[in-house]
Amino acid sequence: MVLTRTATESNENVCSTFGSRYVRTVLPKYEIGENSIPKEAAYQIIKDELMLDGNPRLNLASFVTTWMEPECDKLIMDSINKNYVDMDEYPVTTELQNRCVNMIARLFNAPLGETETAVGVGTVGSSEAIMLAGLAFKRNWQNKRKEEGKPYDKPNIVTGANVQVCWEKFARYFEVELKEVKLSEGYYVMDPDKAAEMVDENTICVAAILGSTLNGEFEDVKRLNDLLVKKNAETGWDTPIHVDAASGGFIAPFIYPELEWDFRLPLVKSINVSGHKYGLVYAGIGWVVWRTQTDLPDELIFHINYLGADQPTFTLNFSKGSSQIIAQYYQLIRLGFEGYKNVMENCRENMVVLKEGIEKTERFNIVSKDEGVPLVAFSLKDHSFHNEFEISEMLRRFGWIVPAYTMPADAQHITVLRVVIREDFSRTLAERLVADIVKVLHELDTLPSKISRKMGTEGLLGDGKAKKVEREVLMEVIVGWRKFVKDRKKMNGVC
Amino acid sequence: MVLSHAVSESDVSVHSTFASRYVRTSLPRFKMPENSIPKEAAYQIINDELMLDGNPRLNLASFVTTWMEPECDKLIMSSINKNYVDMDEYPVTTELQNRCVNMIAHLFNAPLGETETAVGVGTVGSSEAIMLAGLAFKRKWQNKRKAEGKPVDKPNIVTGANVQVCWEKFARYFEVELKEVKLSEGYYVMDPEKAVEMVDENTICVAAILGSTLNGEFEDVKLLNDLLVEKNKETGWDTPIHVDAASGGFIAPFLYPELEWDFRLPLVKSINVSGHKYGLVYAGIGWVIWRNKEDLPEELIFHINYLGADQPTFTLNFSKGSSQVIAQYYQLIRLGYEGYRNVMENCRENMIVLRQGLEKTERFNIVSKDEGVPLVAFSLKDSSSHTEFEVSDMLRRYGWIVPAYTMPPNAQHITVLRVVIREDFSRTLAERLVIDIEKVMFELDELPSRVMHKISLGEEKSEANSDNLMVTVKKSDMDKQREIIKGWKKFVSDRKKTSGIC
């Protein structure tokens, strides 16, 4: 039986959003609420909480795109309800993905004929792309070893210690040993000579990074290729190369076209690139391309038939949105070669402006190189009073998010601050950032140091005062060290 | 030296979109174009090509949500540039994910204390969720076997043959053997007894599906649990259960709360659900929940520190958009229990309307059950003259996308059409669909059949008539042969389509 309710109170829908009772009640956090709430209230409550998130465009830690043209936003919204995997229902969207794969493969000089289709796929990001590429290498290597009648239970992969966390994930989840080439002070990428030395018969591939996340440097893929060609000729192991061009893949072809790092080198069998970094698309799109059909073992591919034509699929994710693929195609045809070149040249210009501004303060060493991903990595010349973590924290008060990291083994004593120059980081912002860094340095100079060495001098000021100051300084030291140690652990989260 | 350009022709940007030269040139397909084009032209060209895609809301093949409220669309657009993995920079978004995990864990009756945090994570979909769950089972089993000093090289997983393709992917990519319980005519889900029989010492888990993609049926997880408890007692193998509740996870708690399928059963160690199916969010979000910490081996988790608090992460994807997580949270607080229940009850109502409409035509057998995912799977009573594939083809002309599939082994001779009732499939649309199906049946009745044995009938008929029919018989013979070849080619390639069931 339905009991009718007389409307004695004014209807809830009449209340203005902030006048309704929903902004007064505790929002459900651990359990689903019993009742529904009006959509305006739900929208406002969530929007308000999200105001406390950082501003994506001031997030100078991330390589991932944070701005796109309004026309592209429109395309994204229109396709937000298209499930990408329904290839039969959305044939044009599938076609757009294929076109992107072909364009990117040719951008990387894949050895394809005029109308030959490229082998590759769109993914949710470079993590998935790397896992697919790794899986292909692992399976190829296993098949080869089985044919030779040799054991295949101990595959390994050789990379630099500067490698991004997704390689460690790949190694751990797919049971491949990770052999890392350690870094050293002043040399923050994988040394090709040491890498070639570490290769053995169980190596499924050597992974080189074009655009290290730590300082943006491009690894010398050509040298690696030449050394490996020699070693392969001696050993007969036929070890291939994978290039992790997550950042560099959309930079090198436009501003360093003479740099040989892609399929022009014969041992490079697959390349991954993040569409959502310098491909200039929002988060959620990556690409992996293989040199030829043979580099992708057929047994890993699942076949789905699409109106008579065979559509092979090889991804970890199944259902996902179509928006980013359409956005990537938009960027490729909207910008074209000249457009991407202009954007990258602007980024490089602004990087130089920022670097010069920082050098002028005479307080920093510049750790990053000019050639590579447009970013500026810098560390303090004088660590005795303050460290980079404090600078990072103080910059946050101005609104900037500039991360501070320690280098991986064997250069853990080096801490750097890193600013990534994205498409939407204009010269005005670069100059403003320099001004704010100068302000921060000025403030830090007036603050007492947080290191225990200073405790000695301040204790002389008088016993009572000294005890209090001592305790405060002790507290600061404890807090500082705790944070220092925790932030060191942050290394795993380098992106 | 810069050469200045005398403006002799009107500037390109002045032209209206369809008057500019960009709509006249061939769009690059294989290689990146050399030059840029204006953004309006780019937008228009892509928009126009996409018009030829199917209409998502008329796509009755998919379980995935195709409509959300405008307020939610606004939230989605404003968070489209937030990279979810930057937990340090977007702490509130991370917090929202954690709240969703907790809410869903409680929905599945995870044995948690009042303020104990649930163990789970948001993923890009059930595929990733299942791979993570499978990885956890594999690693736990390996650790247990290593501790016992037994071999760890042949793990296997027991599922029904009705399993979705992502389980096959998991098996192939992570090198686990897939032991499938075959179906039989009339029984299209995994038989718990047969499943338990197939369990051996190398089984890392048994996967039950709540909401089979073929006919929407819920598998009897309780029976599976009880049988497995008995077997575990005898063998001491401690084989756990994973429930693939991709569709059913957001249906059963609201429509069938007394049905025991979740963590109330002791052997269920992890559950995955698709936020983008009946979680009512756009494509790109799934959830996997573990019973408790022990079910997720610590060595698989990577630790990232977030302003002093430890943030563990265990996903295959790293960078991805935040929009769907926020949209899921929006739905959970906006609808609440009563909202989800209302939506599911509406879906079930409309499913019954559709089913009754189809039954009234007296041409179809209904293969799906009333209890389960709200969908209607039906096959022709008489498939001698026409097949379900033809019905599916003809419905497309009216705008409806209704897929036809053959069942997996051992019921490959059964073909079904399937209509999924989503939130935005109203009663009006259900009634319209019935009318259009009736129209299609009428048209099909008029068309000549495409099946081989009809030819012989035709030949017999013409032989009995006068000579001038001989020529026509020969012509239509060739036509018919062509049609058969086409029909068979399509039939065979559509059969392969079962790999693509979503």
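Model, not experiment: these values are computed from the prediction. A note on names: the letters A, B, ... follow the listed sequences, proteins ahead of strands, and every chain is numbered from 1.
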Distance (rounded to the nearest 0.5 Å) between [X] [atom1] and [Y] [atom2]:
| X | Y | atom1 | atom2 | result |
| --- | --- | --- | --- | --- |
| B:Leu335 | A:Ile32 | CG | CD1 | 9.5 Å |
| B:Leu50 | A:Tyr329 | CG | OH | 10.0 Å |
| A:Ser36 | B:Tyr337 | OG | OH | 13.0 Å |
| A:Ser322 | B:Tyr282 | OG | OH | 12.5 Å |
| A:Glu338 | B:Ile37 | CD | CD1 | 11.0 Å |

Worksheet entry | B:Phe30, CZ atom: more than 12 neighbouring heavy atoms under 6.0 Å | yes
Relative to chain B, which of [options] shows the most heavy atom pairs under 4.5 Å?
| options | value |
| --- | --- |
| A:Met51, A:Glu71, A:Lys320, A:Glu95 | A:Glu71 |
| A:Met131, A:Glu49, A:Lys47 | A:Glu49 |
| A:Gln324, A:Gln142, A:Met68 | A:Gln142 |
| A:Asp73, A:Leu52, A:Asn59 | A:Asn59 |
| A:Trp67, A:Phe170, A:Tyr340, A:Tyr173 | A:Tyr173 |
| A:Leu107, A:Leu332, A:Val124 | A:Val124 |

Discussion item. Before you tell me yes or no, could you show the steps for B:Met32 and A:Arg106 under side-chain contact (heavy atoms from CB on, under 4.5 Å), namely the whole-Å CA-CA distance, both residues' side-chain angles and the distance that decides it to 0.1 Å?
Written reply: CA-CA 8 Å; B:Met32 258 175 89; A:Arg106 285 184 165 76; over 6 Å; no
Can you tell which part of [X] gets under 4.5 Å to a heavy atom of chain A, answering side chain, backbone, both or neither?
| X | value |
| --- | --- |
| B:Ile401 | side chain |
| B:Leu112 | neither |
| B:Leu135 | side chain |
| B:Ser322 | neither |
| B:Leu107 | side chain |
| B:Leu58 | neither |
| B:Gln142 | side chain |

Given side chains that start at C-beta, do those of [X] and [Y] come closer than 4.5 Å, heavy atoms only?
| X | Y | result |
| --- | --- | --- |
| A:Glu89 | B:Ser62 | no |
| B:Lys82 | A:Leu50 | yes |
| B:Lys31 | A:Met103 | no |
| A:Asn317 | B:Asn317 | yes |

Return the option, out of [options], with the maximum number of heavy-atom pairs under 4.5 Å with chain A.
| options | answer |
| --- | --- |
| B:Ser274, B:Gly125, B:Pro33, B:Gly339 | B:Pro33 |
| B:Gly284, B:Gly336, B:Pro56, B:Gly54 | B:Pro56 |
| B:Ser127, B:Pro70, B:Ala129, B:Cys72 | B:Ser127 |
| B:Arg57, B:Arg341, B:Gln331, B:Lys138 | B:Lys138 |
| B:Ile76, B:Thr117, B:Ile333, B:Asn47 | B:Ile333 |
| B:Ile104, B:Ile130, B:Ile80 | B:Ile80 |

Region of [X] in contact with chain B, defined by heavy-atom distances below 4.5 Å:
| X | result |
| --- | --- |
| A:Ile80 | both |
| A:Asp153 | neither |
| A:Ile76 | side chain |
| A:Ser79 | neither |
| A:Ile285 | neither |
| A:Phe174 | side chain |

Item to complete: Give the minimum heavy-atom separation between A:Ala42 and B:Tyr330, together with the two atoms involved.
Response: CB-CE1, 3.6 Å
Fill in: Heavy-atom pair with the smallest gap, counting every atom of B:Met77 and A:Met77
SD-SD, 3.3 Å
Fill in: Cation over ring face, B:Arg334 and A:Tyr43, 6.0 Å, 45°
no
Should [X] and [Y] count as an ion pair when the cut-off is N to O under 4.0 Å?
| X | Y | result |
| --- | --- | --- |
| A:Arg99 | B:Glu49 | yes |
| A:Lys138 | B:Glu175 | yes |
| A:Lys39 | B:Glu69 | no |

Under 3.5 Å, side chain of [X] to main-chain N/O of [Y], donor-acceptor pair present?
| X | Y | value |
| --- | --- | --- |
| B:Ser36 | A:Leu335 | yes |
| B:Asn102 | A:Tyr30 | no |
| A:His276 | B:Ser319 | no |

Worksheet item: Quick one: do the A:Asp53 and B:Thr93 side chains pair a donor with an acceptor below 3.5 Å?
Response: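 On atom types as modelled, these side chains qualify, holding a pair under 3.5 Å.
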Fill in: Working for side-chain contact (heavy atoms from CB on, under 4.5 Å), residues A:Glu128 and B:Phe318
CA-CA 8 Å; A:Glu128 185 185 357; B:Phe318 195 66; over 6 Å; no
Worksheet item: Does the pair A:Lys169 and B:Phe314 meet the rule for a side-chain contact (heavy atoms from CB on, under 4.5 Å), with working shown?
Response: CA-CA 9 Å; A:Lys169 275 186 181 175; B:Phe314 171 45; over 6 Å; no
Practice prompt. Any chance you could lay out the side-chain contact (heavy atoms from CB on, under 4.5 Å) test for A:Asn81 and B:Thr65, step after step, and finish with the verdict?
Written response: CA-CA 7 Å; A:Asn81 61 354; B:Thr65 299; over 6 Å; no
